[in-house]
Amino acid sequence: MELVTVLQLPQQPTPSFAIDFGVRFSSSSTTNSSPLRVMCSALSTPSSLGQIALNCTEVVKSEKGNLVETVESSQSTSLLDLIDQCKNTMQLKQIHAHMLRTSLFCDQYTASKLLTAYAISSCSCLIYAKNVFDQIPQPNLYCWNTLIRGYASSSDPTQSFLIFLHMLHSCSEFPNKFTFPFLFKAASQLKVLHIGKVLHGMVIKASLDSDLFILNSLINFYGSSGAPDLAHKVFTNMPGKDVVSWNAMINAFALGGLPEKALLLFQEMETKDVTPNVITMVSVLSACAKKFDLDFGRWICSYIENNGFAENLILNNAMLDMYVKCGSMNDAKDLFNKMIDKDIVSWTTILDGHAKLGNYDEAHCIFDAMPHKGTSAWNALISAYEQNGKPREALTLFYEMQLSKDAKPDEITLICALCACAQLGAIDFGHWIHVYIKKHDINLNSHLATSLLDMYAKCGDLDKAMAVFQSVERKDVYVWSAMIAVMAMYGRGKAALDLFSSMLEYNIKPNAVTFTNILCACNHAGLVNEGEQLFKQMEPVYGIVPQIHHYVCIIDIFGRAGLLEKAASFIEKMPIPPTAAVWGAFLGACSRHGNVELAELAYQKLLQLEPCNHGAFVLLSNIYAKAGNWEKVSNLRKLMRDSDVKKEPWCSSIDVNGIVHEFLVGDNSHPFSQKIYLKLDEISEKFMSIGYKPDMSNLLQLSEEDNLTEQSLNVHSEKLAIAFGLISTASSQPIRIVKNIRICGDCHAFAKLISQLYDRDILLRDRYRFHHFKGGKCSCLDYW
DNA sequence: TTAGGGTTAG
């Protein structure tokens with residue numbers, strides 16, 4: 001019982017209730033001869049189902065020919081059969097109209113058949129289902145369950161709970177073994193752990209906790225809601241398990257980030273003599289894909305081949321996905337070419353596989369070869385570009401999609417496009433998408449809202465990000481976490497902590513991402529004690545086991561605050577082996593605080609794990625430069641030249657009137673390059689005229705951006721972008737810059753002075769956070 | 001008289 005919360009519920013059926021039920025049942029029988037019923041009977045011409053069918057056929061014939069073929073072959077087809085044979089909502093509405101005209105609707109059984117068709121068939125239409133339900137005088141439990149079931153699979157599963165609550169008050173029958181699987185389905189869709197736990201309590205109280213269907217749907221619910229441990233408790237304690245129970249549990253492990261447990265469970269099935277089915281194999285392939293276990297994946301594929309599984313599209317897609325995720329494009333291509341049936345999932349999987357490996361030409365070929373280029377096809381390519389560091393290409397495609405008339409952007413397209421805008425700092429394009437959302441009345445759900453507020457924040461408009469956050473009616477953990485991340489990015493630690501408290505007050509349970517963001521906020525604001533406390537509470541209070549990135553955050557918090565010894569002893573006591581990121585954070589702290597001895601230790605540890613880490617070279621050489629040890633700086637440079645250290649092209653970009661301009665270090669490829677360098681000369685003179693002397697220690701230091709084969713005095717990309725901003729934007733406009741690495745000390749001082757001398761706000765986003773330069777000061781208060 | 005659970009991508 002410690003597993004669930006049991007709330008105050010209606011009493012279980014008792015013998016006295018059974019008698020009461022009987023009485024009510026007989027009184028409800030009286031309804032059959034109620035005045036309404038009598039009237040209906042009198043109005044109803046047909047007296048047999050055969051006649052009803054005939055009559056209905058005539059109606060259909062006269063109004064629309066669609067159903068004629070279906071019913072003409074059998075005159076005796078009943079109305080109920082006709083409902084089952086409906087192929088679209090229009091046909092169903094015709095029968096509905098006929099039922100109303102002939103008063104057949106007054107028969108509850110017939111009405112409930114119509115309700116079922118409207119609620120759950122292939123021609124479902126939930127608004128009509130609700131309408132029909134509301135017209136039934138005293139809906140029985142079957143009708144209530146059907147409506148709950150319909151909404152559980154809809155885009156608005158919350159309705160299932162509202163209907164259920166209404167049912168508890170209005171229906172004379174208690175929820176039964178059919179009710180709960182539908183409710184757990186709705187809870188799974190919404191991932192609302194607290195509601196599911198209450199329902200679990202009701203199941204126990206109603207003595208339904210041995211029903212196989214309920215327990216299987218419960219495993220699925222806990223698995224979908226991020227609680228594989230609770231799913232496993234249900235699974236372990238259930239008296240009898242069938243293949244569905246095993247499948248649900250395998251899937252719960254895979255979904256819960258425990259793919260190795262999913263694979264072990266599959267192996268255990270054999271020892272328990274449970275025969276796996278197609279769904280088992282799909283779930284196991286999904287676990288292999290999540291574990292990047294190509295060997296096991298290949299073994300599963302041969303198992304499928306050797307055990308006579310019939311050709312199945314979903315199974316083929318799962319194999320395809322496994323090959324792609326495990327990095328074997330050759331296997332994936334072979335399978336894809338062999339597949340007779342392909343759907344949008346097959347095409348998208350193979351397309352994304354090519355794009356992830358950077359084979360954009362092949363990805364485009366796949367896109368061009370797709371038989372139906374609907375929205376999904378466009379989304380596949382746009383998201384492939386966006387998620388693989390090609391935001392400019394993603395936005396170009398998004399633009400092309402607007403021009404093509406075969407597909408309209410949907411929520412996913414817009415999310416991808418917003419993410420691309422955020423990466424580029426393209427605020428004008430991002431704002432245009434916001435207007436598009438409003439103009440087309442697109443529902444601002446939590447996914448879209450999260451992308452929108454993230455875009456505004458990353459493009460430097462905190463007010464708009466906040467406004468979007470406040471406009472979201474139902475804020476889930478992702479929306480809250482995203483807003484906390486925004487506050488972290490802007491160095492507003494206190495505001496992030498306030499948001500965290502508010503989300504707890506709203507009963508939103510923080511997840512691992514929330515903690516990464518809140519620890520990051522503490523880090524950027526120097527809130528050492530608060531960060532340490534939250535980290536200590538993660539497991540005992542919130543049930544979240546700290547992962548490696550949480551450890552990195554806490555080391556960063558200590559290190560940035562200069563508590564190097566504390567950080568070092570923390571690393572020593574870590575229960576998991578320190579990774580390169582851990583040593584990188586520690587090395588950064590040593591560099592900032594000039595501790596040569598500890599830096600050398602961290603450098604050695606880091607290079608053992610990542611021999612080609614370019615950042616490690618730069619950080620250590622900065623420390624040597626600061627300490628005036630030029631010989632060691634020179635040795636490091638030589639070592640770096642000789643080694644195979646590779647770095648991504650670091651750049652700064654600036655959005656001017658909707659066009660994003662990119663600059664590399666010492667870049668002179670821009671059409672306005674000459675003007676930019678003239679502006680930099682002017683700035684330099686202006687700086688000197690007020691007696692500003694560049695910080696030589698800064699200038700002599702290496703930045704990550706410096707090309708080590710040349711002098712380190714190259715003009716950093718953000719200086720070029722700022723100079724371009726000054727000559728190409730109105731003096732009232734802020735300059736918005738995005739840089740893909742951390743800003744160096746010299747450029748930080750440069751931006752502060754520009755903001756003062758030119759009276760310009762500069763909003764600069766670096767790899768980790770935002771800097772708002774205004775009147776000679778930075779929002780980070782020089783703590784970054 | 002009616003019915004229910006587990007699967008693939010982005």
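We name chains A, B, ... by the order of the sequence lines, and we start the count at 1 in each one. Because the structure is predicted, anything quoted here is derived from the model rather than measured.
The base of B:dT2 sits with one of its N or O atoms less than 3.5 Å from a complementary donor or acceptor on the side chain of A:Asn140. Judged by distance alone with a 3.5 Å cut-off, a donor-acceptor contact links the side chain of A:Asp211 to the base of B:dG4. No N or O donor and acceptor, one from the side chain of A:Asn145 and one from the base of B:dG4, sit under 3.5 Å apart. The base of B:dT2 lies close enough to the side chain of A:Ser112 for a donor and an acceptor atom to sit less than 3.5 Å apart.
When heavy atoms are screened at a 4.0 angstrom cut-off, A:Phe182 is found touching the sugar-phosphate backbone but no base atom. Backbone-only engagement by A:Lys325 is indicated by non-hydrogen atom pairs under 4.0 Å involving sugar-phosphate atoms exclusively. A:Asp242 comes within 4.0 angstrom of a base, heavy atoms only. Residue contacts shown for A:Thr348 include a base, since a base heavy atom lies under 4.0 Å away. Nucleic acid contact for A:Asn176: base, since at least one base atom lies under 4.0 Å from a heavy atom of the residue. Nucleic acid contact for A:Asp343: none, since no nucleic acid atom lies under 4.0 Å from a heavy atom of the residue. Heavy atoms of A:Ile382 sit nowhere under 4.0 angstrom from any nucleic acid atom. If you check every strand for non-hydrogen atoms under 4.0 Å, A:Val324 touches nothing.
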Check your understanding: Passes salt bridge (charged side-chain N to carboxylate O under 4.0 Å, His left out), A:Lys191 versus A:Asp476? Steps please.
Key -> CA-CA 10 Å; A:Lys191 305 185 195 323; A:Asp476 63 12; over 6 Å; no

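Which of B:dG4, B:dG10, B:dG6 sits closest to the side chain of A:Phe213 comes down to B:dG4. Of the listed nucleotides (B:dT2, B:dA9, B:dG10), B:dG10 has the atom at the smallest distance from the side chain of A:Gln387. Side-chain proximity of A:Ile344 to B:dA9, B:dG10, B:dT2: nearest is B:dA9. The side chain of A:Ile314 has B:dT7 as its nearest neighbour among B:dG10, B:dA9, B:dT7. In this structure, the nucleotide among B:dA3, B:dT7, B:dG10 sitting nearest to the side chain of A:Arg149 is B:dA3.
Electrostatic pairing of A:Asp229 and A:Lys233 does not count as a salt bridge here, judged by no charged N lying under 4.0 Å from a carboxylate O. Salt bridge status for A:Asp334 with A:Lys338: absent, with no side-chain N to carboxylate O gap under 4.0 Å.
Rounded to an integer number of Å, the gap from CG of A:Leu114 to C1' of B:dA3 is 17 Å. Taking atom CG of residue A:Leu313 and atom P of nucleotide B:dT8, one finds them 13 Å apart after rounding to whole Å. If you take OH of A:Tyr109 and P of B:dA3, they are 8 Å apart, rounded to a whole angstrom. One atom, CD1 of A:Ile120, and another, P of B:dG4, lie 6 Å apart when rounded to the nearest Å. A straight line from CG of A:Asn247 to P of B:dG6 spans 11 Å, rounded to a whole angstrom. Nucleotide B:dG6 holds its C1' atom 16 Å from the CD1 atom of A:Ile214, rounded to whole Å. If you take CZ of A:Phe180 and P of B:dG4, they are 18 Å apart, rounded to a whole angstrom. To the nearest angstrom, P of B:dT2 lies 19 Å from CG of A:Leu147.
A pairwise comparison of heavy atoms in A:Ile344 and A:Ala377 identifies CD1-N, 3.9 Å as the closest pair.
To the nearest 0.5 Å, the span separating CZ on A:Phe184 from OG1 on A:Thr179 amounts to 11.0 Å.
Aromatic stacking is not marked for A:Phe178 over B:dG4, as the cut-offs of 5.5 Å for the centres and 30° for the planes do not both hold.
The ring of A:His96 has its center closer than 6.0 angstrom to the ring center of A:Phe105. Aromatic rings from A:Trp378 and A:Phe398 are positioned such that their centres are separated by 6.0 Å or more.
A close approach under 4.0 Å does not occur between any side-chain nitrogen or oxygen of A:Asn317 and OP1 or OP2 of B:dA9.
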